[in-house]
Structure formats: structure tokens, C-alpha cells
Amino acid sequence: MERETALNFVKPQLTEHRYEHTLGVMETAISLAKKYGGHEKKAEIAAIFHDYAKFRPKEEMKQIIIEQNFPQDLLDFNAELWHAPVGAYLTKKEAGITDEEILNAIRYHTSGRPGMTLLEKIVYLADYIEPGRQFPGVEEVRQMAAENLDQALIKAVQNTIMFLMKKNQQVYPETFHTYNDLIRQWKDGLNG
Ligand SMILES: [Fe+2]
Ligand SMILES: [Fe+2]
């Protein structure tokens with residue numbers, strides 16, 4: 001799908017602010033793909049659609065999670081997590097995008113997962129560091145992303161977990177599993 005077509009597809013689904021964020025994620029994902037040898041076109045499309053379901057009614061998202069038999073434990077955690085798997089589903093259903101690598105990058109952009117692919121890492125990180133993001137710690141991750149994708153990703157996941165814990169919010173177990181997996185790979189890299 002052409003960039004303009006994809007952008008026109010998602011725009012009516014997003015607020016102005018979220019659309020600007022989407023453009024930032026797109027630019028960042030493309031530049032990370034260039035830097036780290038990822039698929040630029042897939043990074044572009046995954047980034048454009050990553051928040052496609054962000055503003056769907058909670059009830060609709062909940063129905064999809066139940067009917068499509070997505071991990072049911074999602075329903076016990078913050079609804080903020082739901083738009084990622086639901087977004088992958090709706091991107092396929094409504095936009096006709098069937099590339100599983102793209103759909104997985106959308107599916108796991110909030111929780112991450114153990115064994116993330118390069119494209120999944122790129123979209124996760126681009127979502128975290130795009131130029132519109134302003135929160136404590138983001139600049140450090142931006143600088144790390146210019147040097148080492150995995151280390152930047154570890155930092156982003158750590159920050160996310162600690163942010164939730166400081167606010168006394170639940171942490172979805174898959175995010176801990178992602179963190180543990182990234183640390184394990186990093187340490188294996190140091191020892192190997
Ligand atoms: Fe998102
Ligand atoms: Fe996002």
C-alpha cells in the first residue's frame with residue numbers, strides 16, 4: 001500500500017494529536033529500519049497502522065478479544081493494551097493488509113513479546129522515541145537508539161515497567177517476559 005493511501009486510511013480513525021504522533025512514528029521507524037537493516041516499507045506501513053484501533057469503543061475491542069480468542073488475560077489488565085492486538089486484527093480485516101510481519105509489529109507494539117523480530121523492535125522503539133514524545137527519560141533512549149537498538153529497547157521496556165509500578169498500576173506479564181528475554185539475549189551476547 002502506498003504511503004498516502006495508508007495515511008488517508010488511518011487519519012479518520014485518529015485525533016489530530018494521534019495522527020501527528022503516527023507521522024512521527026512513521027519517520028522514526030523508517031530511519032531505524034535504514035540504520036539497522038530493517039525492511040523500510042514494512043516499517044512504514046506498520047508504523048502508520050500501529051494505533052489504528054486506538055479510539056475504538058472499549059466494548060468493541062472487548063468483543064473482538066473474546067470472539068477472536070486473543071489472550072483472554074488482556075481483559076484483566078489496562079484497556080490501553082487492547083488497541084494493539086485489536087489494531088492488528090482490524091488492519092487485516094478493514095485495510096486488507098495480510099503481511100504477518102507487519103501485523104505482528106502492530107500486535108506487539110504495546111506489550112512486546114519474547115523473541116521480538118527486528119521489525120517489532122523498530123516499531124516498539126519508534127513509538128517510544130518519536131519526536132513528539134516528551135517525558136522524563138525519553139532523550140536518553142533516543143540517544144541509545146542511535147547507537148544500539150537492543151540496549152535502547154531494554155531501557156524503554158524498563159522505563160515502561162517502572163513508570164507503571166510507580167503509579168501503582170498492574171504490569172502485563174508479557175512485558176516482564178519481554179524484558180527478561182531481552183536481558184537474557186544481551187547477556188548471552190556479552191558472554192558469547
Ligand atoms: Fe499504541
Ligand atoms: Fe503509538
Side-chain angles (χ1 to χ4, degrees), residues 3 6-33 38 42-58 60-62 64-65 68 70-71 73-75 77-95 97 101-113 116-139 141-142 145 149 152-153 155-161 163-164 167 169-175 178-179:
R3 178 187 295 194
L7 287 173
N8 288 333
F9 203 95
V10 303
K11 195 169 187 187
Q13 300 285 331
L14 303 174
T15 60
E16 185 62 36
H17 178 75
R18 188 59 41 175
Y19 183 70
E20 290 300 319
H21 160 73
T22 294
L23 293 176
V25 177
M26 179 190 78
E27 294 296 346
T28 306
I30 292 169
S31 76
L32 288 172
K42 290 188 185 192
E44 177 191 80
I45 296 298
I48 291 173
F49 280 95
H50 87 283
D51 275 341
Y52 179 62
K54 187 88 180 173
F55 301 104
R56 294 295 170 115
K58 268 190 200 172
E60 183 187 347
M61 290 198 279
K62 190 174 178 180
I64 291 171
I65 289 168
Q68 297 302 316
F70 293 159
D73 63 350
L74 282 166
L75 301 174
F77 289 85
N78 199 321
E80 183 58 31
L81 290 160
W82 301 354
H83 75 282
V86 170
Y89 170 76
L90 292 175
T91 295
K92 184 175 187 179
K93 186 170 179 238
E94 297 178 359
I97 287 165
E101 287 184 70
I102 292 174
L103 297 176
N104 281 336
I106 299 168
R107 187 172 288 124
Y108 299 111
H109 87 266
T110 308
S111 63
R113 66 161 167 169
M116 287 173 86
T117 64
L118 177 60
L119 190 70
E120 289 164 28
K121 291 175 178 179
I122 285 170
V123 172
Y124 185 103
L125 199 56
D127 188 31
Y128 194 85
I129 63 168
E130 64 92 1
R133 294 291 206 194
Q134 291 169 349
F135 50 80
V138 70
E139 193 49 43
V141 179
R142 263 184 208 122
L149 182 75
L153 188 63
K155 196 74 188 170
V157 175
Q158 278 174 345
N159 287 353
T160 300
I161 291 171
F163 174 79
L164 290 168
K167 292 205 305 172
Q169 289 203 33
Q170 288 185 303
V171 179
Y172 189 52
E174 200 67 354
T175 304
T178 305
Y179 171 73

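In this text the structure is predicted, and so the values were computed from the model without any measurement. One-based numbering, in listed order, for ligands and for the atoms of each.
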Heteroatom N/O/S of Asp51 within less than 2.8 Å of the Fe ion (ligand 1): yes

Any N, O or S atom of His50 closer than 2.8 Å to the Fe ion (ligand 1): no

Please find out if less than 6.0 Å separates the ring center of Tyr89 from that of Tyr52. no

Is the shortest side-chain N to carboxylate O distance from Lys54 to Glu80 below 4.0 Å?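 A salt bridge is present here (some side-chain N lies under 4.0 Å from a carboxylate O).
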
Angular separation of OD1 (Asp127) and NE2 (His21) seen from the Fe ion (ligand 2), to 10°: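 Seen from the Fe ion (ligand 2), OD1 and NE2 are separated by roughly 80°.
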
Using a 3.5 Å distance criterion without hydrogens, assess whether the side chain of Trp82 forms a donor-acceptor pair with backbone atoms of Lys62.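 No; zero donor-acceptor contacts below 3.5 Å.
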
Quick check against the 3.5 Å criterion: does Arg56 have a side-chain atom that pairs as donor or acceptor with the backbone of His83?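 No, Arg56 side chain to His83 backbone: no donor-acceptor pair under 3.5 Å.
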
Within rounding of 10°, what is the angle whose vertex is the Fe ion (ligand 1) and whose arms end at NE2 of His109 and NE2 of His83?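 Centred on the Fe ion (ligand 1), the NE2/NE2 angle is 90° (to 10°).
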
